[in-house]
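Working notes, structure below.
In what follows, chains carry the letters A, B, and so on, assigned in the order in which the sequence lines appear, proteins first and then strands, with residues in each chain numbered from 1.
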Number of protein chains: 2
Amino acid sequence: MRGAAALAALEAARKPARYLPPGAIVYHQEEPDDVAFNLISGWAMLTQSLPDGRRQVLRFLLPGAVFGPTPQGQALHGSAAEALTPAVLCVIPREGMTALRRHWPEFDDRLMWCIERDAELAAGLLTSIGQRTAIERVAYLLVELAMRALRRFPLRNGDTVALPLTQTVIAEATGLTAVHVNRMLRELRQRQVAIFLQRRLTVLDAAALLALASLPPELPALWTGTSPFSFA
Amino acid sequence: MRGAAALAALEAARKPARYLPPGAIVYHQEEPDDVAFNLISGWAMLTQSLPDGRRQVLRFLLPGAVFGPTPQGQALHGSAAEALTPAVLCVIPREGMTALRRHWPEFDDRLMWCIERDAELAAGLLTSIGQRTAIERVAYLLVELAMRALRRFPLRNGDTVALPLTQTVIAEATGLTAVHVNRMLRELRQRQVAIFLQRRLTVLDAAALLALASLPPELPALWTGTSPFSFA
DNA sequence: CGGTTCATTGATCGTGGTCAACTCGAGTGG
DNA sequence: CCACTCGAGTTGACCACGATCAATGAACCG
């Protein structure tokens with residue numbers, strides 16, 4: 001809370017909020033870009049598609065996420081954004097962003113923090129897909145999203161979280177097929193590690209799940225941490 | 001070139017440059033962080049390792065790259081940086097970065113541009129590893145690095161570039177094994193698409209190579225483009 | 001020289017993809 | 001009210017892409 005003036009400036013810069021149903025597209029890949037979004041509530045995801053239709057989930061967006069702006073001077077989005085649940089977005093034109101950054105250093109710091117954090121999230125996913133086996137990838141994704149949703153580390157036995165993902169989406173995020181994701185979820189269930197059914201995750205054996213995810217030690221803090229900048 | 005004053009400020013903020021031989025580690029994963037680096041000359045890479053030693057290349061750094069700063073408030077690096085060639089680094093402490101950002105908006109813009117661009121590079125790699133087959137991944141990586149090194153699109157038949165990569169490094173960047181990378185390079189050679197030997201790439205059939213890489217249309221501009229901000 | 005590291009190739013194996021069939025709801029329209 | 005579709009999930013059978021294991025050669029270097 002850096003004061004009423006800052007908040008007023010933000011209010012002045014933003015356009016009306018957007019309300020989206022699940023599955024709605026915020027923007028398409030290759031669409032021209034000139035606004036930034038702030039996810040107020042709900043979940044969303046960024047995806048990148050190849051010309052032949054194969055699709056990769058780049059990252060999942062939880063409330064508070066900032067997304068949309070492309071490197072300035074680049075005209076087109078390199079990814080698409082899609083709502084996973086009913087979602088509310090705050091929309092800020094690029095000029096508004098620039099003005100806010102210039103006048104409110106804390107806003108600028110926070111924005112940069114968000115972007116750097118998102119890069120680290122993507123890095124973790126990259127390592128997961130490049131180096132882990134199928135069951136490890138699924139375990140990693142479930143752990144990441146559970147911790148981000150719960151904002152807590154470590155996970156405890158019995159923890160339950162709603163994760164608004166279909167098995168197809170998990171497949172697109174892990175680089176597996178939906179069929180194989182199904183098999184891996186069944187295995188986690190049969191091994192009494194975790195249950196993911198009807199878009200709810202229940203952790204049965206947190207230690208086993210974390211062992212499968214084999215996290216680098218610095219990631220949990222990143223997932224559960226909040227911005228050190230209090231603006232907005 | 002935003003003027004002598006800005007350059008002088010940068011000079012004042014930076015520490016002595018670092019000169020590194022190939023293979024030198026700039027910083028380790030989980031090392032505390034409080035400086036940013038600017039790669040003056042040479043190539044380097046960022047990697048992330050799992051507890052059991054598996055390693056993923058997150059991105060390749062070419063001259064001009066900015067790297068090192070972690071999201072503020074996070075103590076530890078989530079990745080390691082390693083020189084691939086003899087390299088010269090400009091070292092700027094975090095306080096210096098903050099001061100420069102505050103006083104020179106163009107510096108701030110350029111920094112944010114670099115970070116956003118790097119995120120897009122990582123996104124492309126993520127899609128590649130998640131969705132492409134082995135030979136496509138190798139083709140994609142070669143195309144990306146060739147275009148970034150040449151700063152030109154499209155590639156032409158006969159183009160030759162030095163890429164300071166061992167097959168092991170290509171393997172770590174593509175999520176394949178070094179043995180399989182070797183087979184894919186042989187196949188590219190036998191199919192008369194491209195030759196990669198002794199760390200030099202020669203493009204024989206640019207159209208075929210690009211078809212294998214199946215690039216989303218917005219990426220080439222990103223690879224060959226330079227920052228719209230002229231500071232420093 | 002022995003000792004690296006890097007590249008190369010063959011043989012074999014297994015993880016994960018592909019194909020196919022089926023269930024189970026939640027719409028939707030006759 | 002029931003047939004119909006559509007998407008999500010489930011399971012089995014089969015196969016192939018890429019991993020693994022192993023051996024060898026070339027270049028470089030103390």
Give, for atom CD1 of A:Ile195 and atom OG1 of A:Thr160, the distance between the pair rounded to the nearest 0.5 Å. 9.0 Å

What is the separation between atom CD on B:Glu136 and atom P on D:dC17, rounded to the nearest whole Å? 12 Å

Whole-Å distance, A:Gln167 CD to C:dC24 P, equals 16 Å

In whole angstroms, how far is the P atom of D:dG7 from the CG atom of A:Leu84? 17 Å

Between A:Trp223 and A:Tyr140, ring centroids under 6.0 Å: yes

Quick one: A:Arg199 CZ to C:dC24 C1', roughly how many Å, whole number? 14 Å

When every non-hydrogen atom of B:Leu215 is compared with those of B:Arg132, the smallest separation belongs to N-NH1, 4.4 Å

Starting from C1' on C:dG16, measure out to CZ on A:Arg132 and report it in whole angstrom. 18 Å

So, with a heavy-atom separation below 4.0 Å from DNA chain D, the residues of residues 177-198 of chain B are B:Thr177, B:Val179, B:His180, B:Arg183

Heavy atoms under 4.0 Å, any strand shown: does A:Gly175 hit a base, just sugar-phosphate, or nothing? sugar-phosphate

Euclidean distance, atom CD of residue B:Gln131 to atom P of C:dG16 [Å, nearest integer]: 15 Å

B:Ile135 atom CD1 is separated from D:dC17 atom C1', nearest whole Å, by 12 Å

Separation of A:Leu176 atom CG from C:dT15 atom P, in whole Å? 14 Å

Only pairs at least two apart or in different chains count here, so list each salt bridge (Lys or Arg N to Asp or Glu O under 4.0 Å) that has a residue in residues 161-170 of chain B. none

Apply side chain to side chain contact (heavy atoms under 4.5 Å, CB included) to the pair B:Leu141 and B:Val138, showing each step before the final yes or no. CA-CA 5 Å; B:Leu141 187 68; B:Val138 173; 5.9 Å; no

I want to verify a distance call: between C:dC6, C:dT8, D:dA8, whose nearest atom is closest to the A:Thr166 side chain? D:dA8

Could you check A:Leu165, A:Ile170, A:Leu201 and say which one makes a side chain to side chain contact (heavy atoms under 4.5 Å, CB included) with A:Leu145? A:Leu165

